[in-house]
Amino acid sequence: MIRTRYAPSPTGFMHIGNLRTALFEYLIAKKGRGVFVLRIEDTDSERFVEGATDAIFETMELTGLKFDEGPGIGGDYGPYVQSERKADYLPHAKNLVSSGKAYYCFCDKERLDGLADERGLKKYDRFCQQLSADEIEKRLASGAPYVIRQLIPDGKTTFHDEVFGDITIDNREMEDQILIKSDGMPTYNFANVIDDHAMKISHVVRGSEYLTSTPKYKLLYEALGWDVPVFVHLPLLQNAAGQKISKRNGDASIPQLLEEGFLPQAIVNYAALLGWSPPDNREIFTLAELESIFEPKNISKSPSAFDVNKLRWVNGEQIKTLPPEVFYEMALPYLKQSVKKAGADYAVLAKITQSRVTVVKDCAELVDFIDELPDYDIELYTHKKMKTNPEIAAQALKLVIAEFAGLADWNHDALFATVTKIAEANELKNGQVLWPIRTALSGKPTTPCGATEICELLGKDETLKRLEIGLAKVS
């Protein structure tokens with residue numbers, strides 16, 4: 001059975017790179033009708049961030065990435081929190097020592113800091129690996145602090161990755177990594193291997209920055225006599241500055257993106273596009289659709305860049321798919337803040353803005369002209385495509401004011417029919433009449449609806465008042 005795991009450290013809040021990893025692990029499991037596991041890797045107590053664990057749970061729930069096993073769920077190997085499994089790691093390390101594949105190291109910080117090769121790079125010199133059994137027993141009996149290091153064998157190590165293919169590393173390039181720290185806690189790499197085996201993880205999915213350390217993982221599996229899992233390394237994800245997306249670089253967290261108005265489903269949708277190519281070049285998906293069409297073979301090797309503008313576009317497309325009543329509830333607080341006019345029809349305002357915003361809160365700016373006409377420059381009346389300018393606008397506004405003043409039916413259909421009649425009678429194009437109306441009523445270069453719809457929203461008196469103001473500006 002395919003079993004994948006998302007194993008975050010509570011050292012900060014999830015960012016888009018973390019979410020992408022979780023998503024791809026989730027999709028690989030679901031595609032193979034397997035199991036998706038959540039494991040909290042909290043052995044780095046120095047970098048622990050209060051509230052980060054709860055934020056991980058909340059983010060997973062909001063984005064729909066429901067795990068099948070993990071904290072709070074139970075299972076044969078729970079709870080899936082590393083700090084609560086401390087007793088499970090040391091016995092495995094001691095077994096490696098007994099088999100000659102690891103050793104005790106008693107070197108202090110001062111000695112380690114003095115180590116450097118001809119390039120000035122520090123690399124452990126295996127000083128303690130040469131200690132006699134009697135000397136080791138003596139130091140252990142005295143309570144001397146120690147770590148346990150993996151003994152890297154001679155030769156080369158080759159592993160296969162589902163994305164990057166076969167990779168071979170000369171073992172001389174690898175240092176004897178620490179497995180158990182002096183405080184008795186396992187290092188990240190060692191705990192990772194032990195937990196993945198205990199939880200029967202079949203596919204290890206992670207960022208490509210772990211490619212260089214994967215030979216050590218493979219050697220550990222082999223030293224422990226365990227099957228090596230399938231490795232799937234995801235392409236590097238960079239921020240706008242070309243740096244790897246990370247908490248340390250201050251890149252936007254998922255809670256921050258949600259706070260800025262991005263929909264959970266849009267963030268998930270966008271994360272899927274970061275290093276994966278849909279088979280039919282579609283870009284907008286639900287999570288259920290991703291579960292159906294995702295194929296690991298379409299994961300790219302090339303780095304991806306986080307582009308907030310692309311995320312905004314995806315968010316806008318996802319907003320369009322929302323049921324109108326859902327968008328209305330989301331937009332209502334912003335619309336009420338922007339339009340305080342008595343009798344304002346917020347349902348209509350929500351309807352005309354839904355397809356025109358990339359984040360929900362932008363609906364407020366689209367309709368803020370309804371309460372108060374902003375000051376604007378007459379250059380807004382110039383529009384090449386509509387073939388209009390202030391002079392043509394003056395002509396059109398005079399004609400419109402005269403006709404609109406006598407209209408009994410004040411609705412879009414009647415208003416549009418009147419505009420069409422004015423244009424035809426005066427050898428003008430419809431746009432040469434509609435654009436001046438829209439400009440005079442909104443004072444904006446873009447509006448969420450057409451000129452005659454705005455007339456209906458504002459009412460007859462306010463419409464005529466603003467048209468007179470517009471005429472005065474261009475006369």
Side-chain angles (χ1 to χ4, degrees), residues 1-9 16-37 39 41 65 150 152-153 155-175 177 179 187-238 244-246 271-279 290-291 293-306:
M1 175 183 286
I2 291 179
R3 290 175 60 90
T4 65
R5 50 72 173 163
Y6 176 53
S9 300
I16 193 72
N18 302 139
L19 183 69
R20 182 191 68 168
T21 299
L23 174 63
F24 282 30
E25 288 165 335
Y26 172 89
L27 293 175
I28 288 172
K30 296 306 173 186
K31 186 70 176 179
R33 297 183 180 180
V35 174
F36 177 54
V37 177
R39 182 173 75 225
E41 299 193 339
L65 303 184
Q150 176 185 7
I152 302 295
K156 296 181 179 181
T157 299
T158 298
F159 69 94
H160 178 77
D161 182 74
E162 293 295 290
V163 176
F164 291 86
D166 291 334
I167 296 176
T168 300
I169 300 287
D170 192 320
N171 291 358
R172 289 178 297 180
E173 297 180 15
M174 295 185 276
E175 184 178 21
Q177 67 173 338
L179 305 180
T187 56
Y188 171 83
N189 288 342
F190 189 54
N192 222 262
V193 169
I194 303 303
D195 285 347
D196 283 346
H197 174 74
M199 297 167 193
K200 299 181 180 180
I201 301 303
S202 65
H203 289 61
V204 172
V205 185
R206 57 194 178 197
S208 59
E209 63 270 22
Y210 290 101
L211 276 170
T212 55
S213 60
T214 299
K216 293 182 181 181
Y217 285 83
K218 184 184 180 188
L219 289 172
L220 271 177
Y221 279 104
E222 292 174 343
L224 291 161
W226 296 340
D227 291 338
V228 179
V230 175
F231 292 112
V232 183
H233 285 86
L234 309 180
L236 183 66
L237 183 55
Q238 300 172 323
K244 174 184 172 293
I245 290 280
S246 74
L273 302 176
L274 295 171
W276 172 73
S277 301
L290 287 171
E291 290 176 22
I293 68 170
F294 183 84
E295 290 288 352
K297 67 181 181 181
N298 291 329
I299 297 174
S300 171
K301 297 179 184 179
S302 303
S304 297
F306 174 71

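Start at 1 with the first residue, then count along the sequence.
- Residue D166 qualifies as enclosed at atom CG: its count of foreign heavy atoms under 6.0 Å is above 12.
- Within the 4.5 Å cutoff, the side chain of L273 has heavy atoms near those of the P278 side chain.
- The cationic atom of R206 (NZ for Lys, CZ for Arg) does not lie both less than 6.0 Å from the six-membered ring centre of Y188 and within 45° of the ring axis.
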side-chain contact (heavy atoms from CB on, under 4.5 Å) for I169 and T212? Distances and angles first, verdict last. CA-CA 8 Å; I169 300 287; T212 55; 5.6 Å; no
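- In this structure, the side chains of N192 and R39 come closer than 4.5 Å at one or more pairs of heavy atoms.
- Checked against side chain to side chain donor-acceptor pair (under 3.5 Å), Y221 has no partners two or more places apart in sequence or in another chain.
- Applying the salt bridge (Lys or Arg N to Asp or Glu O under 4.0 Å) test to E175 and every residue at least two apart in sequence or in another chain returns nothing.
- In this structure, E162 and P296 have side chains that are not in contact, with every pair of non-hydrogen atoms separated by 4.5 Å or more.
- The backbone N or O of L274 lies less than 3.5 Å from a partner atom in the side chain of R20, making a donor-acceptor pair.
- Between P235 and I299, some side-chain heavy-atom pair lies under the 4.5 Å cut-off.
- How far NZ of K156 is from CZ of R172: 8.0 Å, rounded to the nearest 0.5 Å.
- No side-chain heavy atom of V232 sits under 4.5 Å from any side-chain heavy atom of T4.
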Evaluation steps, side-chain contact (heavy atoms from CB on, under 4.5 Å), between T214 and D161: CA-CA 10 Å; T214 299; D161 182 74; over 6 Å; no
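- Closest non-hydrogen pair, I16 versus A271, comes out as CD1-CB, 4.1 Å.
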For residues 24-37, which side-chain donor-acceptor pairs fall under 3.5 Å, sequence neighbours excluded?
from, atom 1, to, atom 2, distance (Å)
Y26, OH, E291, OE2, 2.6
K30, NZ, D68, OD1, 3.4
K30, NZ, D68, OD2, 3.3
K31, NZ, S292, O, 2.5

Between I152 and T157, does a side-chain contact (heavy atoms from CB on, under 4.5 Å) hold up when you go through it step by step? CA-CA 10 Å; I152 302 295; T157 299; over 6 Å; no
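- Separation of atoms OH (Y217) and CG (N189) is listed at 3.5 Å; rounding is to 0.5 Å.
- Summarising the geometry, atom OH belonging to Y6 is positioned 7.5 Å from atom CG belonging to L19; distances are rounded to the nearest 0.5 Å.
- The structure places CD of Q177 at 9.5 Å from CZ of F190, a figure rounded to the nearest 0.5 Å.
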Dump the intermediate steps for side-chain contact (heavy atoms from CB on, under 4.5 Å) on F231 and L211, then the final yes or no. CA-CA 9 Å; F231 292 112; L211 276 170; over 6 Å; no
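- Contact annotation: the side chain of H233 never approaches that of V163 to less than 4.5 Å [non-hydrogen atoms, C-beta and beyond].
- Between the CD1 atom of I194 and the CE atom of M199 there is a distance of 11.0 Å, given to the nearest 0.5 Å.
- Atoms NZ and CE, on K216 and M174 in that order, are 7.5 Å from each other to the nearest 0.5 Å.
- Inspection of the S277 and N298 side chains reveals no N or O donor paired with an N or O acceptor under 3.5 Å.
- Between the side chain of S304 and the main chain of L237, no donor-acceptor pair closer than 3.5 Å is present.
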